[in-house]
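Down below is the structure, laid out as C-alpha cells.
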Amino acid sequence: MLYRFGKGASALIETIWIDTTGLEKPDLLGKSIAFFAEERKEHLRKLKNPSAIRLSAGAGLLLFYALKKNGLESRINDIRKGQFGKLFLPESSFYFNLSHSGSLALCAFGDTDLGADIQQLKETIPQKTIKILSPQEKEFLQGKEGRAQTEAFYQIWARKESLMKWDGRGLRLPMQSFSVVQDSIPVERMIFEGKVISFQEYRLQGYAVSICAEQRQFSDEESIKYDKNIKELLKSEIFH
C-alpha cells in the first residue's frame, strides 16, 4: 500500500510511505529497478539480505515518485551525497529524506531542508540505546510503564533520528548531546544550535514516524490512501 500524509500550504512537506512486501519477487524488483538512480542500482547489486534489498528498492521507488511529482525525474542521477552522507539534489529547491524500518519505506519531500525517520515498534526497549538518551528523555520514560514506555521510547528515538538527519551530521552528532523532551513532554518546537526547528509526528500501526524541519508550521495530519499493492503501483501513471 502507498500512503500520503501532511500536504498543506502551511507545510509544503509531503510524507509518503509504502509497504515493501512483495518487492522480494524478482519480477517486481526487476520492474522497479528501471526507476532507480544508477548509484542505487549498484548499491542493490551488492546487497545480500532480502529484507535490505526490499527496503532499499521501496525507498528508490518513493524517491522517483517524489521527483516526478515535482517534474524532476530526469535529474535522478544528479543526486549527490553531502559530507556526511545526506542525499541532496544540487542547485534545486527540492529537498527530500528517506528512511525505512520493518517492512515500510518512507520518503518526505518539500521546499525546505528536512529530516525523516520511521521506527518499527519492538516489544522491548533496546538497553544499549538507553545509555545515549539525555537525562530529560530518561526521566520522561521512567514515568511510564509497559507498552506505553516502549512506544514513548520509539517516539523519542524517531524524533532524535529525524533531527540528526535534518542536521546532516547523522550519527556524528552525539545523541545524548540534545534532548527532544522538555518540561516532561516531547517537544513540537525547540531551539537547536540557534535555530528553531519543528517536528511533525505520525502514528502508524506498529510504527513511529517523525519529520523535522526548520521554522515550519506543519499542517494538521491528513492521509490519503492509495489502494494499491506494489504490482498495481508500478502500473500507475506516475511510473509511465
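Shown here are the salt bridge (Lys or Arg N to Asp or Glu O under 4.0 Å) partners of R169, two or more places apart in sequence or in another chain: D167, E193. Checked against side chain to side chain contact (heavy atoms under 4.5 Å, CB included), S177 has the following partners two or more places apart in sequence or in another chain: L173, P174. For E214, there are no salt bridge (Lys or Arg N to Asp or Glu O under 4.0 Å) partners two or more places apart in sequence or in a different chain. Under the side chain to side chain contact (heavy atoms under 4.5 Å, CB included) criterion, S179 pairs with S134, Q136, E137, V181, not counting sequence neighbours. Checked against side chain to side chain contact (heavy atoms under 4.5 Å, CB included), K81 has the following partners two or more places apart in sequence or in another chain: E39, L87.
Counting heavy atoms from C-beta on, the side chains of M175 and T129 never come closer than 4.5 Å. The shortest distance between side-chain heavy atoms of K165 and S99 falls below 4.5 Å. In this structure the side chain of K160 never reaches within 4.5 angstrom of the side chain of L163, judged on heavy atoms. Contact annotation: the side chain of Q200 never approaches that of T15 to less than 4.5 Å [non-hydrogen atoms, C-beta and beyond].
Atom CG of L47 is surrounded by more than 12 heavy atoms from other residues, nucleotides or ligands within 6.0 Å. The number of heavy-atom neighbours closer than 6.0 Å to CD of Q120, taken from other residues, nucleotides and ligands shown, is above 12. By the neighbour-count criterion of 12 heavy atoms within 6.0 Å, atom NZ of K41 is densely surrounded, having more than that number from other residues, nucleotides or ligands. Other residues, nucleotides and ligands contribute at most 12 non-hydrogen atoms within 6.0 Å of the CG atom of D183.
Sorted by first and then second residue, the salt bridge (Lys or Arg N to Asp or Glu O under 4.0 Å) pairs involving residues 47-66 (not counting sequence neighbours) are E24-R54. Applying the salt bridge (Lys or Arg N to Asp or Glu O under 4.0 Å) definition to pairs two or more places apart or across chains, none involves residues 116-131. Within the structure, every pair that satisfies the side chain to side chain donor-acceptor pair (under 3.5 Å) test and touches residues 85-96, not counting sequence neighbours, is listed here: K86-D113. Each ring pair (Phe, Tyr, Trp, His ring centres under 6.0 Å) pair with one or both residues in residues 29-56, not counting sequence neighbours, appears once here: F35-F64, F35-F239. Evaluation of the salt bridge (Lys or Arg N to Asp or Glu O under 4.0 Å) test over residues 71-80, restricted to residues two or more places apart or in two chains, returns R75-D78. Screening residues 131-153 for ring pair (Phe, Tyr, Trp, His ring centres under 6.0 Å) gives F153-W157 as the qualifying pairs, with residues at least two apart or on separate chains.
The hydrophobic cluster around F88 extends to none of the other residues, as no ILVMFWY side-chain heavy atom falls under 4.5 Å of it.
Cluster annotation: I156 and L171 are assigned to the same hydrophobic cluster (Ile/Leu/Val/Met/Phe/Trp/Tyr, side-chain heavy-atom contacts under 4.5 Å, transitive). Under the 4.5 Å side-chain heavy-atom criterion for grouping Ile, Leu, Val, Met, Phe, Trp and Tyr, I53 is connected to L63 within one hydrophobic cluster. Hydrophobic clustering, with ILVMFWY side chains joined whenever heavy atoms are under 4.5 angstrom apart, groups L67 together with I18. Hydrophobic clustering places I132 together with I130 (ILVMFWY residues linked when any side-chain heavy atoms are closer than 4.5 Å, directly or through intermediates).
When all heavy atoms are compared, the tightest approach of S32 to L23 is OG-CD2, 3.3 Å. Scanning all heavy atoms of the two residues, the minimum distance from I118 to S101 falls at O-CB, 3.4 Å. A158 approaches A208 most closely through the heavy-atom pair CB-O, 4.0 Å. When all heavy atoms of R40 and G60 are compared, the closest pair comes out as CD-CA, 3.5 Å. The nearest pair of heavy atoms linking L55 to L104 is CD2-O, 3.5 Å. Contact detail for C107 and F96: the closest heavy-atom pair is SG-CB, 4.5 Å.
If you take CD on E38 and CD1 on I33, they are separated by 10.5 Å, rounding to the nearest 0.5 Å. Separation of atoms OG1 (T20) and CG (L61) is listed at 10.0 Å; rounding is to 0.5 Å. Note that OG of S210 is 10.5 Å distant from CZ of R203, once rounded to the nearest 0.5 Å. Within the model, atoms CD1 of I191 and CZ of F178 stand 15.0 Å from one another, a figure rounded to the nearest 0.5 Å. Atom SG of C212 and atom CE of M190 lie 8.0 Å apart (nearest 0.5 Å). Between the CG atom of L62 and the CD1 atom of I16 there is a distance of 4.5 Å, given to the nearest 0.5 Å.
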Residue pair Y207, S103: steps toward the side chain to side chain contact (heavy atoms under 4.5 Å, CB included) verdict = CA-CA 10 Å; Y207 292 83; S103 66; 3.6 Å; yes

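At distances below 3.5 Å, at least one donor-acceptor pair connects side-chain atoms of Q149 with backbone N or O atoms of L141.
Taking the six-membered ring for Trp and thresholds of 30 and 60 degrees, F192 and W166 have ring planes more than 60 degrees apart, a perpendicular arrangement.
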